[in-house]
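Worksheet: one structure, shown below.
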Number of protein chains: 2
Amino acid sequence: MSEWYQHAAAVLPNPSGNIAERRMAPPALAISTVIFALKPSVNSGRPTLWLPLVRRIREPFKGQWALPGGPLVHDESLQEAASRNLLETTGLAPRYLEQLYAFGGLHRSPSQRVVSIVYWALVQSEEAELPGEEENVRWFRADRVQGLAFDHQEIVDYALWRLRNKMEYASIAYHFLGEYFTLAQLREVYEAVLDRPLDPANFRRHVTNAAGIEPSDRYLQGGKHRPPRLYRYTGPAPSSTTAPNSTSAENRGTP
Amino acid sequence: MSEWYQHAAAVLPNPSGNIAERRMAPPALAISTVIFALKPSVNSGRPTLWLPLVRRIREPFKGQWALPGGPLVHDESLQEAASRNLLETTGLAPRYLEQLYAFGGLHRSPSQRVVSIVYWALVQSEEAELPGEEENVRWFRADRVQGLAFDHQEIVDYALWRLRNKMEYASIAYHFLGEYFTLAQLREVYEAVLDRPLDPANFRRHVTNAAGIEPSDRYLQGGKHRPPRLYRYTGPAPSSTTAPNSTSAENRGTP
DNA sequence: TCAAAAGTGTTATCGGTACACCCATGT
DNA sequence: ACATGGGTGTACCGATAACACTTTTGA
């Protein structure tokens, strides 16, 4: 799954590609996905942002970590291809999936011209453990990845910026959580992503006034203190749609 | 310039492509651009949004209007390709250029699979007249285009939404205007794009408080009334950069 | 009974909106 | 002088932020 350049190479008359042929051949098209999940920090136990990377088993950048991705193949929409990436890497279906950007710089890959259409996704924390620790797939803290293959560092940084930005105005935090969650859990999601503390009182009002979130009559038992009420997200489920004309694919602000 | 599918076809073993071959061949990659400019309305004389379209001279959709675009060729970044589109269609260099979205549905083109990376651009009103009315390039009012080739109607709608959305939080309106402009002119830009009247008093305060706009000591003479002061935009000039890590490529809100 | 989180109430402040008003110029 | 757009002042309203306070549970 980390080996897509073989596909593109197959299209070329000459796999390694001399300069003239490289100039004339159409760019290869690849899909990559930045997958975010929350996992408890090793130290504090508080939730933090993690993402899975795949170790490259061939040149270029052999041995380095890269975003999961692959070629865009027959009979697959862009979104479907990203969804398949996600499934193959984490064993999960995306809770949220949206196009990030198309990266098409001339020298992203040393061997040939590749245009990558990148998606970003949110998956649920508990589920994210499942994939049985394959040797070549590993989870990293999102704010500490470095030394990635290609321009993937830049892509991760941009995806992170986009996630933080979008979190502030769109209802996407829910997709990190299960069906039932407490307001404190939801607040921890925001705090982990935005990396700053939020006032619990104001956060409560803000989120309960927003549409799409409903109190249930269940309570979370087993805590040390007063059992908090459980809530549910009842808004639209963009599980597989964030294209034009649906729920926006965009951000705002200044990074 | 409206004929890019010939390029992609050349890559295929069989131009028309039977089903099996179409399934296996990699998708063609194209760049298209939605180009916005303000022109005086024929009736009211007030500025309105226009965009140039290109008439298709071959099947599919022969005779219908489509976005200017072309194949992504050797030695050209995505941005450069979009910029070239723009130059070839309007004779203009973009004042503002940003990636919109990558459209990759399976059946966008009846003859073969095409993935289009679409950019959107703003150009200056007066300059936009220049290109000597070629037969196959024509300007249309942005809110009245219809019956476009491929999925270009959807693309235009999305670009329009993005423009309106971004106008509300980012400093892009300036790119429709020349170096010096009055606040009334700037307000007319906003009113034309957002399609609603704005309070002149509040607009003034809003825009003068914003960074990047400076009053000059010049005044616009020749009007019927008190000569208004001319302002200049002195913020960053994203003439050719709106990629990740620069000034964002995004929006917000709900269409 | 006490600690700590759940949950409510109160107030100050800020930004946006509406709109009354004065200013400067061509006719 | 007067009509008109340029430009300023001000009052209101809703959203946010800060923080004091009450409630409910486990230990």
Side-chain angles (χ1 to χ4, degrees), chain A residues 40 44-47 164-165 167-171 173 177 180-192 194-232 252-254, chain B residues 40 44-47 164-171 173 177 180-232 252-254:
Chain A
S44 68
R46 301 171 59 77
R164 289 185 170 134
N165 194 326
M167 187 87 99
E168 292 190 332
Y169 66 86
S171 297
L177 299 170
Y180 290 91
F181 50 85
T182 70
L183 293 186
Q185 286 169 344
L186 186 60
R187 180 166 48 80
E188 282 183 326
V189 172
Y190 276 87
E191 289 178 339
L194 302 180
D195 197 29
R196 63 182 155 98
L198 298 177
D199 183 307
N202 294 332
F203 179 81
R204 158 182 304 278
R205 266 183 295 257
H206 184 76
V207 86
T208 50
N209 287 342
I213 180 164
E214 303 291 344
S216 76
D217 45 6
R218 300 174 53 181
Y219 293 80
L220 179 62
Q221 304 292 344
K224 298 196 188 81
H225 305 293
R226 172 174 173 179
R229 183 186 288 271
L230 288 166
Y231 288 77
R232 286 200 311 159
R252 78 145 183 181
T254 11
Chain B
S44 68
R46 301 172 57 79
R164 289 186 170 134
N165 193 326
K166 187 142 194 172
M167 187 87 97
E168 292 189 332
Y169 65 86
S171 298
L177 299 169
Y180 290 91
F181 51 85
T182 70
L183 293 186
Q185 287 169 343
L186 186 60
R187 180 166 49 81
E188 282 183 326
V189 172
Y190 277 86
E191 289 178 338
V193 172
L194 301 179
D195 197 30
R196 62 181 154 99
L198 299 176
D199 184 308
N202 295 331
F203 180 82
R204 157 182 305 278
R205 267 184 294 259
H206 184 76
V207 86
T208 50
N209 287 342
I213 179 164
E214 304 290 345
S216 77
D217 45 6
R218 300 175 53 180
Y219 293 81
L220 180 62
Q221 304 293 345
K224 297 198 189 81
H225 304 293
R226 172 175 172 179
R229 182 186 288 271
L230 288 165
Y231 289 76
R232 286 201 311 160
R252 79 145 181 180
T254 11

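Proteins come first, then strands; the chains are lettered A, B, ... in the order of their sequence lines, and each starts at number 1.
Atom CG in B:Asp199 sits about 13 Å away from atom C1' in D:dG6, given to the nearest Å. What separates CZ of A:Arg229 from C1' of C:dA5 is a distance of 16 Å, to the nearest Å. For the pair B:Leu198 CG and C:dA18 P, the interatomic distance rounds to 10 Å; values are reported in whole Å. The separation between A:Arg204 atom CZ and C:dG9 atom P is 11 Å, rounded to whole Å. Rounding to whole angstrom units, CG of residue B:Leu220 and P of D:dG7 are separated by 10 Å. If you measure from atom CD of A:Glu168 to atom P of D:dT16, you get 12 Å, rounded to the nearest angstrom. Residue A:Tyr219 contributes atom OH, which lies 13 Å from atom P of C:dA6 at whole-angstrom precision. Separating the CZ atom of B:Phe203 from the P atom of D:dG5 is a distance of 17 Å, rounded to the nearest angstrom.
Checked against D:dG6, C:dA6, D:dT10, the side chain of B:Arg187 finds its nearest nucleotide in D:dG6. The B:His225 side chain lies nearest to D:dA3 when the options are D:dA18, C:dC19, D:dA3. Comparing D:dC19, C:dA18, C:dG7 by their closest approach to the side chain of B:Asn202 singles out C:dA18.
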Checking salt bridge (Lys or Arg N to Asp or Glu O under 4.0 Å) for the pair B:Glu214/B:Arg229: CA distance, chi angles, key distance, verdict? CA-CA 11 Å; B:Glu214 304 290 345; B:Arg229 182 186 288 271; over 6 Å; no
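Summary of the strand contacts: A:Arg196 and A:Pro227 both lie near DNA chain D, and taking for each the nucleotide with the nearest heavy atom, the more 5' one is attributed to A:Arg196. Both A:Leu183 and A:Lys224 lie close to DNA chain C; mapped to their nearest nucleotides by heavy-atom distance, the more 5′-ward contact belongs to A:Lys224.
Between A:Pro227 and A:Tyr219, the shortest heavy-atom distance links the atoms O-CD2, 3.6 Å.
B:Arg205 comes within contact range of at least one nucleobase, with a heavy-atom separation under 4.0 Å. Residue contacts shown for B:Ala201 include a base, since a base heavy atom lies under 4.0 Å away.
B:Arg232 CZ: 12 or fewer foreign heavy atoms inside a 6.0 Å radius.
When the side-chain nitrogen and oxygen atoms of A:Arg226 are compared with OP1 and OP2 of C:dA5, none of them lie within a distance under 4.0 Å.
Ring to ring, A:Phe181 and A:Tyr231 are not that close: their centroids are 6.0 angstrom or more apart.
With a 4.5 Å cut-off on side-chain heavy atoms, B:Pro40 and B:Arg46 do not count as touching.
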